[in-house]
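Quantities reported herein were computed from a predicted structural model and do not represent experimental measurements.
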Amino acid sequence: MTKADKAYQLLEIEYPNAKCSLDYGTPFQLLVSTILSAQATDKSVNNVTEKLYKLYPDVDSFLTLTQEEIENKIKKIGLYKNKSKNIYNMCRELRDKFNKEVPKTMVELMSLSGVGRKTASVVLVEAFKIPAFPVDTHVFRVSRRLGLAKGSTADKVSDEMMKKLSKKKWHLMHHLLITHGREVCIAQNPKCEICCLKNICTYFKAK
DNA sequence: AACTCGGGGCA
DNA sequence: TGCCCAGAGTT
């Protein structure tokens with residue numbers, strides 16, 4: 001068994017309920033809620049974005065709003081209002097370049113306003129079940145501390161993780177690493193004493 | 001690769 | 001109030 005498989009196994013036992021926290025309907029709704037939830041702490045995003053896209057469920061309903069109107073909606077539900085410009089522009093890009101459909105490739109998704117590498121790969125995996133390994137700062141930090149990835153950029157870490165794990169494990173592993181990074185393998189003063197992975201962790205060994 | 005941006009969380 | 005942070009965008 002590889003180290004990556006071992007880590008996966010241990011994390012799966014530690015976090016039996018780990019899964020995607022975003023509840024979404026359509027790919028477009030996932031896209032909007034992913035953008036809005038970026039940089040926000042995960043809680044509260046769910047019901048809040050739900051409210052938003054119940055009122056405005058698709059591209060067309062957003063296209064009827066001015067940027068200021070979108071900003072007011074977002075402000076009212078308590079999320080980053082500065083994302084309104086991105087969402088306003090993105091909906092026009094979807095209309096003009098993609099026939100109002102959420103595109104299904106990394107390059108196309110990343111061409112949209114406010115959509116970067118992480119948001120794009122989340123949409124590919126969650127909405128279209130296209131294999132990808134989203135790397136946020138949690139996944140980046142935990143993978144490197146464990147010694148599963150050595151790359152210095154999120155893209156490299158993503159590639160390394162995909163090579164080390166069978167495809168069917170990618171999706172859950174992503175959520176397991178995020179959960180672990182939030183709760184135990186935190187950025188400052190990680191809680192190594194209680195870590196279920198300390199016996200196989202490069203960072204812990206070096207301490 | 002390093003920096004900027006800028007609002008939320010938290011002490 | 002000031003410090004940190006996540007992710008996108010820019011240089």
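Between A/Met110 atom CE and C/dT10 atom P the separation is 12 Å, expressed in whole Å. With rounding to whole Å, A/Asn86 atom CG is found 11 Å from C/dG7 atom C1'. Counting to the nearest Å, the P atom of B/dG7 and the CG atom of A/Leu36 are 15 Å from each other. As a whole-Å value, the separation of A/Asp155 CG from C/dG7 P is 14 Å. As a whole-Å value, the separation of A/Asn189 CG from C/dC4 C1' is 14 Å. Remark: P of C/dA8 and CE of A/Met106 are 9 Å apart, rounded to the nearest angstrom. If you measure from atom NZ of A/Lys83 to atom P of B/dG7, you get 11 Å, rounded to the nearest angstrom. The distance between atom CD1 of A/Ile178 and atom C1' of C/dG7, rounded to the nearest whole Å, is 12 Å.
The shortest side-chain heavy-atom distance between A/Trp170 and A/Pro131 falls under the 4.5 Å cut-off.
Distances shorter than 4.0 Å separate none of the side-chain N or O atoms of A/Thr153 from OP1 or OP2 on B/dA1. Proximity of A/Thr119 to the phosphate of C/dA8: a side-chain N or O atom is located under 4.0 Å from OP1 or OP2. Residue A/Ser113 has no polar side-chain atom (N or O) positioned under 4.0 Å from OP1 or OP2 of C/dA8.
Listed nucleotides: B/dA1, C/dC4, C/dG7. Nearest to the side chain of A/Gln188: C/dC4.
A/Ser111 and A/Glu108 share no side-chain donor-acceptor pair at under 3.5 Å. With no hydrogens or angles considered, no side-chain donor-acceptor pair links A/Ser158 and A/Asp155 at under 3.5 Å.
Both the sub-6.0 Å distance and the 45° axial angle are not jointly satisfied by A/Arg95 relative to the ring of A/Phe98.
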